[in-house]
Amino acid sequence: MAWLKASLCVTSRWNLNNLETIMDVEPVRVRFAPSPTGRMHLGSARTALYPYLLARRTGGTFILRIEDTDQKRFVPGAEKELVEGLRWLGLNYDEGADIGGPYGPYRQSERREIYHQHAWELVEKGHAFPCFCTSDRLEKIRQEQLKRKENPRYDGTCRKLDPDETRHRAAAGEKYVVRFKMAKEGYTTALDLLRGAITTENQALDDSVLLKSDGLPTYHLAAMVDDHLMKITHVIRGSEWLSTFPLHVNIIRAFGWQEPVWVHLSVFLKPTGKGKMSKREVAEAIKDGHSIFITDLRDLGYIPEGVLNWIVLMGWGVSEEDVMTLDEMIARFDINNLTPSPAAINFAKLDHFNGTHIRALRSEDLAARIKPYFLQAGYRVEDVKLLKIVPLIRERLVTLDDCLPFAAWFFKETVEPNPAELVAKNLTASQSADIARKTYEILSALPEITPELAEPPMRALVEQLGLSANQVFGILRVAVTGQSVSPPLFESMEIVGKKKVLERVKRAIEMLEKM
RNA sequence: GCCCCCAUCGUCUAGUGGACCAGGACGCAGCCCUUUCAAGGCUAAAACCGGAGUUCGAAUCUCCGUGGGGGCACCA
């Protein structure tokens with residue numbers, strides 16, 4: 001076990017000031033191995049992110065392997081969504097189901113022969129046995145055991161069968177599964193990087209099925225075989241595998257293989273911290289503009305930088321600066337600093353990180369990212385104009401689609417102010433109309449409308465009328481933008497242009513006069 | 001029921017026996033800035049699950065409770 005302990009000290013504790021001087025010892029080979037049985041959610045994204053970071057940190061290899069050995073639960077579009085999600089997040093893999101690699105195939109359904117061979121290797125070695133028990137019989141004894149308040153487990157019937165007899169029955173075409181022959185006595189100790197040694201009594205372990213009667217392997221066999229064949233050095237997976245961890249270690253030892261470093265990640269809990277999110281709660285989150293699904297998050301206007309920063313910190317703590325790009329995460333990541341405790345999802349924090357990363361985007365970048373939202377809403381978008389708008393709305397966006405309420409009006413020929421909103425606070429409609437007329441005079445006298453030219457005379461007007469800037473500018477804002485909340489007024493008017501601004505003020509005057 | 005894992009502000013976390021009357025972040029509250037909405041700045045409130053041990057000294061180590069999570073399939 002000494003070698004394992006030594007290999008656990010992969011990195012030293014990082015220090016902000018000498019990041020560059022710290023080098024990890026060995027390039028790792030790590031994998032993200034989802035099963036295409038559902039949608040890609042936050043948990044999957046994080047179980048992909050950590051190995052990705054470790055791979056990039058150590059100059060290693062990140063692999064995507066598809067674990068599709070359950071034909072019953074297979075969901076057609078799932079693999080596509082997985083790949084799409086990873087690409088969107090920027091977690092590019094070096095070897096994988098759709099791109100190949102030296103250890104392929106990377107889709108388990110295409111490796112059937114390999115598992116069959118390995119299952120029988122274990123049988124020949126005396127570590128596994130073919131089992132001919134029917135599901136009906138198994139179910140019956142399970143019920144009986146439950147009735148007797150015993151733990152349901154395989155009763156060992158076929159374990160006692162003569163090896164030659166079983167070989168012949170199997171060869172003759174009789175349906176069978178291959179079960180692992182678990183030691184009946186002693187203990188199994190397995191080492192998890194985050195939790196230390198985990199010891200289990202062997203008698204608590206079952207003779208688990210390795211190869212199903214349809215010829216496909218269970219996870220237990222397939223994952224162990226593939227991790228070995230694909231030379232995986234660190235297995236980073238969800239804590240749902242903790243209970244079968246001893247089994248897996250036993251399988252690897254039965255083959256006589258070297259163990260990888262094991263890291264079992266915690267689960268994500270619902271926002272209250274009590275339990276996992278239910279179907280209903282997932283649906284409610286979506287109504288609220290949030291989601292646990294990666295492609296939903298994308299469609300909701302979240303950016304990969306924000307999502308990544310959010311999930312990377314659910315299970316990994318940094319003491320000070322916590323806003324990071326993917327590259328910064330790579331530079332700072334230390335697998336030894338992951339936390340083993342479950343984390344509650346906090347969407348408010350996602351909003352915070354998303355807004356923060358949006359603000360950090362270069363104007364051209366942000367413009368390119370929000371342009372589709374305007375297009376989709378049916379607006380004609382001129383890039384030059386869009387680029388001028390971006391600095392005005394940048395710090396107001398929490399999600400990309402917030403660009404619509406703030407800036408869609410820029411692309412409209414005319415705006416439709418709500419007459420009631422045109423009336424300034426604590427003033428009458430006719431008083432407001434009067435202010436609007438004075439505003440019109442000031443603005444029309446200007447050669448063009450820029451903040452430098454327009455703001456001083458407008459401030460003077462506010463002063464002269466003895467009103468608040470809020471009252472005077474408010475009328476103008478609603479008149480020009482058609483809404484009471486907008487980007488900064490004078491900068492906005494500059495983009496709209498003098499001609500349109502005057503048209504709109506004129507229209508507002510008319511509306512106010514009619515009230 | 002049995003097995004395994006986890007436990008620091010409401011939430012994510014820092015903390016690896018003395019540097020901790022516990023640090024950062026989100027959120028919340030107040031103030032400043034301010035043409036709306038934001039952003040930004042400042043300030044505040046807010047935690048070591050409980051009980052026994054070990055030790056000169058415990059958030060940190062051990063045990064027992066309690067709470068939470070995961071598993072007990074020819075699912076992953």
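Quantities reported herein were computed from a predicted structural model and do not represent experimental measurements. So you know, we letter chains A, B, ... as the sequences are listed, proteins then strands, and number each from 1.
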In whole Å, measure the gap between the P atoms of B:G1 and B:G65 for me. 14 Å

Could you tell me if A:Glu281 and A:Ser278 have a donor-acceptor pair between their side chains, going purely by distance under 3.5 Å? yes

Whole-Å gap separating C1' (B:C5) and CG (A:Leu191): 15 Å

How far does the P atom of B:U60 sit from the matching atom of B:G51, given to the nearest Å? 12 Å

Does one side chain, of A:Arg237 or A:His248, offer a donor that lies under 3.5 Å from an acceptor on the other? yes

Residues which pass side chain to side chain donor-acceptor pair (under 3.5 Å) with A:Arg195, listed by chain and number, not counting sequence neighbours: none

Taking the P atom of each, how far is B:C64 from B:C48, in whole Å? 24 Å

For A:Lys438, is there an ion pair with A:Glu441 - N to carboxylate O distance below 4.0 angstrom? no

Rounded to whole Å, please give me the gap between CH2 in A:Trp409 and P in B:C37. 17 Å

Find the distance A:Lys425:NZ to B:C37:C1' and express it as a whole number of Å. 13 Å

What does nucleotides 22-29 of chain B look like as a protein-contact string, B for base, S for sugar-phosphate only, - for none, at under 4.0 angstrom between heavy atoms? -BSBB---

Indicate, with a heavy-atom threshold strictly under 4.0 Å, whether A:Thr339 touches base, sugar-phosphate, or nothing. sugar-phosphate

Please tell me if the side chains of A:Val307 and A:Leu350 come closer than 4.5 Å, counting only heavy atoms from C-beta onward. yes

Polar atom pairs between nucleotides 17-20 of chain B and protein, under 3.5 Å, N or O only, would you list them?
none

Spacing of the C1' atoms in B:C3 and B:G18 (rounded, Å): 39 Å

Is any side-chain N of the basic residue among A:Arg137 and A:Asp155 closer than 4.0 Å to the acidic one's carboxylate O? yes

Hey, would you say the A:Trp310 and A:Phe347 ring centroids sit under 6.0 Å apart? yes

Calculate the interatomic distance between A:Ile393 atom CD1 and B:U36 atom C1'; express it in whole Å. 16 Å

Counting Watson-Crick and G-U wobble pairs only, both distances under 3.5 Å, name the nucleotide matched with B:C31, or none. B:G41

Provide the Watson-Crick or G-U wobble partner of B:G1, both distances under 3.5 Å; none if there is no partner. B:C72

Rounded to whole Å, the CD-P distance (A:Glu150 to B:C3) equals 14 Å

For nucleotides B:A14 and B:C32, find the distance between their P atoms and express it as a whole number of Å. 37 Å

Over 12 non-hydrogen atoms of neighbours within 6.0 angstrom of CD in A:Glu185: no

For RNA chain B, the residues among residues 451-461 of chain A that have a non-hydrogen atom under 4.0 Å from it: A:Arg459

Does this structure show an ion pair linking A:Glu110 with A:Arg107, if we count only N-O contacts that are shorter than 4.0 Å? yes

What's the closest nucleotide to the side chain of A:Ser341 if the choices are B:C6, B:U35, B:G15? B:C6

Can you check the distance between B:C31 and B:A45, where both ends of the measurement are the C1' atom (answer in whole Å)? 15 Å

Among the nucleotides B:C37, B:U35, B:C4, which one has an atom lying closest to any side-chain atom of A:Ile198? B:C4

Please report the distance separating the C1' of B:A7 from the corresponding atom of B:U13, rounded so that it comes out in whole Å. 13 Å

Say you pick atom C1' in B:C74 and the same atom in B:G69; how far apart are they, in whole Å? 27 Å

Can you check whether A:Phe490 and A:Phe473 have ring centres sitting under 6.0 Å from each other? yes

Would you mind pulling out the nucleotide paired to B:A52, Watson-Crick or G-U wobble, both distances under 3.5 Å? B:U62

Please test A:Arg65 against A:Asp227 for salt bridge (Lys or Arg N to Asp or Glu O under 4.0 Å), starting from the C-alpha separation and ending with a verdict. CA-CA 10 Å; A:Arg65 185 173 74 217; A:Asp227 286 341; 2.9 Å; yes

Between A:Met314 and A:Phe473, which residue's closest nucleotide on RNA chain B lies nearer the 5′ terminus? A:Met314

Is it true that, when you exclude A:Glu284 itself, more than 12 heavy atoms of the residues, nucleotides or ligands shown sit nearer than 6.0 Å to its CD? yes

Scoring nucleotides 69-76 of chain B by protein non-hydrogen atoms under 4.0 Å (B base, S sugar-phosphate only, - none) yields SSSSSBBB

Any salt bridge linking A:Asp207 with A:Lys181? Criterion: basic side-chain nitrogen under 4.0 Å from a carboxylate oxygen. no

Can you check salt bridge (Lys or Arg N to Asp or Glu O under 4.0 Å) on A:Glu144 and A:Lys147, steps first, answer last? CA-CA 5 Å; A:Glu144 285 166 11; A:Lys147 215 181 287 173; over 6 Å; no

Partner nucleotide of B:G10 by Watson-Crick or wobble geometry (both distances under 3.5 Å): B:C26

CG of A:Leu205 versus C1' of B:C2: gap in Å, rounded? 13 Å

When we call it a touch if two heavy atoms are under 4.0 Å apart, what does A:Gly315 touch: a base, just sugar-phosphate, or nothing? sugar-phosphate

Indicate, with a heavy-atom threshold strictly under 4.0 Å, whether A:Pro488 touches base, sugar-phosphate, or nothing. base

Could you tell me whether A:Glu494 and A:Lys388 have a side-chain N and a carboxylate O separated by less than 4.0 Å? no

Ranking A:Pro487 and A:Glu201 by the position along RNA chain B of their nearest nucleotide, the one closer to 5' is A:Glu201

Partner of B:G17 under the Watson-Crick or G-U wobble criteria, both distances under 3.5 Å, comes out as none

Does any donor atom in the side chain of A:Gln117 or A:Trp120 lie under 3.5 Å from an acceptor atom in the other side chain? no

Rounded to the nearest Å, what distance is computed from the CZ atom of residue A:Phe268 to the C1' atom of nucleotide B:G68? 17 Å

Is any NZ, NE, NH1 or NH2 atom of the basic residue among A:Asp402 and A:Arg396 found under 4.0 Å from an Asp or Glu carboxylate oxygen of the other? no

Would you give a per-nucleotide map of nucleotides 38-50 of chain B, 5' to 3', where B means the base has a protein non-hydrogen atom under 4.0 Å away, S means only the sugar-phosphate does, and - means neither? BSS----------

Does the side chain to side chain donor-acceptor pair (under 3.5 Å) test come out yes or no for A:His290 and A:Asp351, once each step is laid out? CA-CA 9 Å; A:His290 294 124; A:Asp351 286 343; 3.2 Å; yes

Whole Å only: how far is the OH atom of A:Tyr187 from the P atom of B:C3? 12 Å

Residue pair A:Thr189, A:Ile198: steps toward the side-chain contact (heavy atoms from CB on, under 4.5 Å) verdict: CA-CA 5 Å; A:Thr189 296; A:Ile198 295 170; over 6 Å; no

